[in-house]
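Take a look at the structure below.
Positions are given from 1 along the sequence. Not measured: the values here are computed from a predicted model. What you see below is based on every heavy atom in this structure, not just the backbone, and it leaves out hydrogens, waters and symmetry mates. For ligands, and for the atoms within them, numbers begin at 1 and follow the listed sequence.
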Amino acid sequence: MIGLFDSGVGGLSVLKAIVQNNINEDFIYFGDTKNVPYGTKTKEQILSYTHDIMRFFIDKHVDIAIMACNTSSALVYEELNKEFSNKIKICPLIQNAAPYFKNENNTIGVISTNATAKSHAYTKEILKYNSSAKIVELECQKFVEIVEKRLYNDASSIEYIKNKAEFLKQSACKKVILGCTHFPYLVPILTKFAPDIEFIDPANYLIKAIKNELTNIGAQKNNSTYRFYVSSNPENFQQSGSLFFDIKEPAELIEFARV
Ligand code: DGL
């Protein structure tokens, strides 16, 4: 079984990429909608939230946990992996994407949450494979709220997205990594303002790693099943998430007991 988690609907873009790549499995998805956004939280807070999620996944017999959240991949992957690797295989986004930029000579843009930008996780990971890489990081935290609350058509949202696109154009980025799983949903608007930029979804770089893990555990299914869980407001998850993924069953509300 594969478990994916994110602060909200963002990780559905990762689930979509997996499904589009013909990976069949039993999937469970956890949206931590009680604690969204993660990008404005501290490392300690994110560690506490993701601990609960890992325990939930282990209870549900998840074999592979996909961190469909860049902020968690940036801040707490190492800690989680150290603690849970004997029980569950954890697949982070940033660490799997970075090797694919090893031959990139042009300036690489990375748009992300506040916390991911501040951590410089993308820069650090890409430099491991490409020591002369030129990377420009830009926080776009408000994109998360725009997607979660479906504020696409608000004048202030459009102005905010336009300003971010202008900055990327001025930074001479040809390729921009969507360093937050909520952002692929905004590519049509971003492309309108920055038509010459190629926006790259790092979820596509996870596919090979997932296929390898499924082979390692001997999993081979012909069909997929999906179950969705949230920590708050299932209705909003359904409304926002259904724009990106065919959520057939309403999400189940899960409240973790605090010890
Ligand atoms: N979608 C997540 C990410 O990729 C978290 C966004 C947020 O909650 O701030 O970083």
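Between the side chains of E137 and T123, at least one donor-acceptor pair of N or O atoms lies under 3.5 Å.
Residue T113 has no nitrogen or oxygen atom sitting less than 3.5 Å from a nitrogen or oxygen atom of ligand 1, judged on distance alone. An N or O contact shorter than 3.5 Å is missing between V36 and ligand 1 by distance. Considering backbone and side-chain atoms alike, T116 places every N or O at 3.5 Å or more from each N or O of ligand 1.
At a 4.0 Å heavy-atom cut-off, ligand 1 touches V144 through the side chain alone.
Of all protein heavy atoms, the one closest to atom 10 (O) of ligand 1 is T71 OG1, 2.5 Å. Nearest protein heavy-atom contact of atom 9 (O) of ligand 1 is G39 N, 2.8 Å. The protein heavy-atom contact nearest to atom 3 (C) of ligand 1 is N70 N, 3.3 Å. For atom 7 (C) of ligand 1, the closest non-hydrogen atom on the protein side is Y38 N, 3.3 Å. When only non-hydrogen protein atoms are considered, atom 5 (C) of ligand 1 lies nearest to S7 OG, 3.5 Å.
The shortest heavy-atom distance from K41 to ligand 1 is not under 4.0 Å.
When each of F228, F237, F256, Y49 is paired with F30, the ring pair (Phe, Tyr, Trp, His ring centres under 6.0 Å) condition holds for F256 and for no other. With Y100 as the partner, the ring pair (Phe, Tyr, Trp, His ring centres under 6.0 Å) test is satisfied by one option alone out of Y122, Y205, Y129: Y205.
Taking every heavy atom of D6 and a limit of under 4.0 angstrom, the matching atoms of ligand 1 come to 1 (N), 2 (C), 5 (C).
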query = Yes or no on ring pair (Phe, Tyr, Trp, His ring centres under 6.0 Å) for Y226 and F245, after CA distance, side-chain angles and deciding distance?
reply = CA-CA 11 Å; Y226 307 94; F245 199 87; 5.5 Å; yes

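Among residues at least two apart or in separate chains, ring pair (Phe, Tyr, Trp, His ring centres under 6.0 Å) pairs with a member in residues 153-181 are F143-Y160. Screening residues 226-248 for salt bridge (Lys or Arg N to Asp or Glu O under 4.0 Å) gives R227-E252, D246-K248 as the qualifying pairs, with residues at least two apart or on separate chains.
Between E79 and K43 there is a salt bridge, since at least one side-chain N of the basic residue sits less than 4.0 Å from a carboxylate O of the acidic one.
Taking the centre of each ring, F5 and Y229 stay at or above the 6.0 Å mark.
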